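Every chain is numbered from 1, with letters handed out A, B, ... down the list of sequences. All of these numbers come straight from a predicted model, not from anything done at the bench.
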Amino acid sequence: MPGCSSSPPLTSSGPHISTYYGRVSAPPLRVRIAPSPTGYVHLGTARTALFNLLFARQRGGSLVLRLDDTDLERNRPEYEAAVYEGLHWLNLSWDEGPDLGGARGPYRQSERLDTYKQAAAQLLEAKSAYRCYCTREELQAERKVAERQKVPYRYSRRCLQDPPADYRSRDFTVRLQVPDIGFTSFSDLIRGEVQFENALLGDPVIVKSNGYPTYNFASPVDDALMEVTHILRGDEHLSNTPIQLLVADALGRPRPQAFAHLPVITGKDRKKLSKRLHPETRLSYFQQRGYLPEAMLNYLALLGWNPGTEQEVFSLAELTGVFDLSRVQHAAAMFDWEKLDWLNGHYIRSLSDAELAQRLRAYLPNLSETVVRQAAPALKDRLARLGQAEELLGYLTQPPARTELTADQERMVAKAASALSELNDWTPASIELALEAVRQAHEWSRGRFFSPIRWCVAGKVSPPLHHTLALLGKEEALRRLRGVPA
RNA sequence: GGCCCCGUCGUCUAGUGGACUAGGACGCUGCCCUCUCAAGGCAGAGAUCAGGGGUUCGAAUCCCCUCGGGGCUACCA
């Protein structure tokens with residue numbers, strides 16, 4: 001087919017090959033996200049979820065939400081709600097999960113313990129895994145020795161060759177016996193061929209002494225059983241991949257069709273986002289500060305991916321149309337508050353007044369719905385985050401500090417007050433008309449006339465003066481103009 | 001230390017051997033608009049393409065080395 005060569009594939013060859021064979025017997029594309037219920041949604045998890053969703057939607061596949069809750073120390077059932085809440089806030093959805101059910105459940109790893117137990121038993125039976133009775137102290141000692149000898153640490157396999165005599169009375173873990181020759185390699189949709197030397201891997205623990213599986217065991221077991229075909233996850237998992245592949249192999253399960261390791265998101269210090277070091281790690285932090293979910297989603301898409309065009313603003317639907325894994329960046333991306341602020345401001349400005357007022361209400365709990373609705377138009381161009389509204393409107397409840405006025409300025413304020421006191425219709429438009437009349441009658445410039453009024457009524461900075469006054473209400477506005485203490 | 005990944009303006013990035021005097025966006029600076037602050041408009045500064053060697057008529061783009069950053073190296077995920 002020489003004619004076909006005129007359009008070279010723009011994406012890497014992996015998916016094309018599978019699509020081609022897919023015509024014969026199309027295995028449905030299935031991807032998954034696997035957050036741990038730790039009480040908050042990690043920003044990286046949110047982006048991984050986005051990319052997975054886009055990938056699945058583009059190819060008519062499905063997205064599975066699985067809860068990786070095998071860490072008894074950190075995971076709590078009640079934290080599950082935070083996962084749903086965060087993801088839903090971003091308007092992200094999935095097709096199967098603990099909340100939705102599905103044919104490949106259960107979707108909480110804590111409910112799949114029997115499955116892992118069986119899988120471990122199978123590996124033990126096949127001699128591709130063995131029990132390890134070493135205590136943490138013994139292992140620690142081994143590690144120390146390796147360190148002292150400046151040789152890379154791997155478990156000694158003591159329990160494989162020579163288990164302790166008192167093993168019956170000891171707790172044990174289960175370790176995968178990794179082949180000590182050969183390489184484990186796989187092709188990554190973003191990074192290409194990646195190879196690891198088995199001999200350097202060491203025998204990883206796959207079942208903890210409390211009977212729970214480790215991540216590197218539960219994950220490949222579930223991915224196989226849940227028939228996950230493509231794994232898109234953070235780059236920090238790249239080094240875990242060979243172990244998971246080896247687990248699938250040992251179990252006699254097919255490996256996933258493809259992996260794609262997404263570049264990590266870093267903080268200003270170039271380090272992976274962590275709860276302790278970076279407030280931006282928690283998705284909910286953005287919600288609290290007044291970032292719009294659609295702006296968040298847009299920004300997240302741009303962190304590590306770009307459309308190849310000059311477009312910066314994308315809706316979720318648009319992203320679904322143009323997203324392309326082959327355009328995902330290889331290098332880590334540093335989180336940038338300033339660009340997010342710009343994007344968020346852009347989205348705020350694109351809201352209708354009514355919509356903005358609606359979204360503002362949660363951030364202005366002390367103001368009436370009416371006031372919030374009146375304030376929306378004046379606030380629109382002044383907000384990078386909804387959370388800033390409270391400060392901008394602070395003058396409503398907190399009168400400004402008294403400023404010293406010149407005699408001239410006092411006269412202007414008095415004129416304004418008396419003109420305003422005649423007004424029956426207390427709206428920005430009529431206030432503006434009244435002030436303009438005074439100003440023109442005396443031939444004062446706006447700057448000269450408005451500044452002292454603003455100082456008396458709101459302070460140094462405030463929305464356009466007629467809005468500032470309108471929001472205050474006639475009575476309070478006049479009180480402040482006349483300098484009467486409340 | 002070992003293994004793996006990565007390296008274009010401060011940041012996110014375009015770029016896949018010649019159209020690159022390296023483009024865009026955020027931020028920054030200046031001007032315009034203007035009642036403050038914003039928003040908006042216009043203009044501008046900002047990158048020896050990490051460094052050094054090759055390959056080639058020609059390299060940000062291909063190869064090698066070095067340096068730098070990150071990830072993993074847990075009975076966390």
Side-chain angles (χ1 to χ4, degrees), chain A residues 10 34-36 38 42 45 68-71 73-75 109 132 134-136 139 143 146-147 150-154 171-175 188 190-191 194-197 200-202 204-216 218-219 233-243 261 263-264 266 268 270-272 299 302-313 327 329-343 345-346 349 378-384 392 435 439 445-455 458-466 468:
Chain A
L10 291 173
S36 293
T38 52
H42 191 285
T45 301
D68 282 11
D69 57 350
T70 55
D71 185 347
E73 313 269 295
R74 285 159 50 188
N75 301 158
Q109 291 192 326
C132 174
C134 295
T135 64
R136 289 169 201 266
L139 295 174
R143 236 174 252 122
E147 204 172 305
K150 296 207 189 293
V151 44
Y153 174 70
R154 275 165 301 152
D171 284 342
F172 63 87
T173 61
V174 179
R175 286 180 187 270
D188 187 284
I190 294 172
R191 296 168 205 282
V194 185
Q195 193 181 61
F196 292 84
E197 188 175 357
L200 267 20
L201 256 25
V205 170
I206 57 174
V207 180
K208 309 176 199 175
S209 55
N210 66 5
Y212 274 65
T214 59
Y215 167 73
N216 276 330
S219 192
R233 62 187 356 174
D235 195 31
E236 67 268 28
H237 293 298
L238 193 61
S239 331
N240 290 321
T241 309
I243 294 169
H261 287 94
V264 297
T266 76
K268 264 238 159 331
R270 286 276 174 210
K271 290 196 162 57
K272 188 174 82 160
Y299 181 68
L302 259 20
L303 259 194
W305 171 86
N306 77 84
T309 65
E310 286 176 3
Q311 187 176 352
E312 301 272 345
V313 179
R327 298 199 63 91
Q329 214 63 22
H330 293 198
M334 185 191 283
F335 183 86
D336 181 11
W337 284 103
E338 284 168 336
K339 183 149 187 181
L340 206 216
D341 279 351
W342 165 76
L343 202 51
H346 176 89
R349 274 168 251 133
L379 253 27
K380 196 183 276 185
D381 283 344
R382 276 157 257 271
L383 295 174
L392 285 169
L435 290 179
R439 188 180 73 79
S445 73
R446 286 196 179 86
R448 215 178 132 213
F449 183 44
F450 289 172
S451 293
I453 301 176
R454 167 171 283 113
W455 298 337
K460 268 286 201 203
V461 182
S462 81
L465 195 57
H466 48 291
T468 300

Which of the following nucleotides, B/rC35, B/rU36, B/rU11, is nearest to the side chain of A/R446?
B/rC35
Among the nucleotides B/rC75, B/rC3, B/rC76, whichever has the atom closest to the side chain of A/D71 is B/rC76
Within the structure provided, determine whether A/L238 and A/D188 are in side-chain contact (heavy-atom separation under 4.5 Å).
yes
P atom, B/rA22 versus B/rC28: distance in rounded Å?
26 Å
For A/H261, which of A/R191, A/R233, A/H330, A/H237 qualifies under side chain to side chain donor-acceptor pair (under 3.5 Å)?
A/R233
Using a heavy-atom cut-off of 4.0 Å across all strands, would you classify A/K272 as base, sugar-phosphate, or nothing?
sugar-phosphate
Taking the same atom, C1', in B/rG2 and in B/rG18, what whole-Å distance lies between them?
43 Å
Considering only the P atoms, how many Å lie between B/rC4 and B/rA47, rounded to the nearest integer?
35 Å
Check whether A/R270 reaches the backbone of A/T266 with its side chain - one donor and one acceptor, N or O, closer than 3.5 Å.
no
Say we look at B/rG1 and B/rU66: how far apart would their P atoms be, to the nearest angstrom?
14 Å
How far, in whole Å, is B/rC76 from B/rC65 if one measures between their P atoms?
38 Å
Protein-nucleotide distance (A/E338, atom CD; B/rU11, atom P), rounded to Å
12 Å
Could you give the distance separating B/rC6 and B/rG40 at their C1' atoms, to the nearest angstrom?
39 Å
In Watson-Crick or G-U wobble terms, with both distances under 3.5 Å, the base opposite B/rC67 is B/rG7
Euclidean distance for P, B/rC12 against B/rG27 (whole angstrom)
15 Å
Complementary nucleotide of B/rC31, counting Watson-Crick and G-U pairs under 3.5 Å:
B/rG41
Whole angstrom is fine here: how far is it from CD in A/Q329 over to P in B/rU11?
13 Å
For atom C1', what is the distance between B/rG44 and B/rC9, given to the nearest Å?
14 Å
Side-chain atoms of A/E312 come closest, of B/rA25, B/rA77, B/rC76, to B/rA25
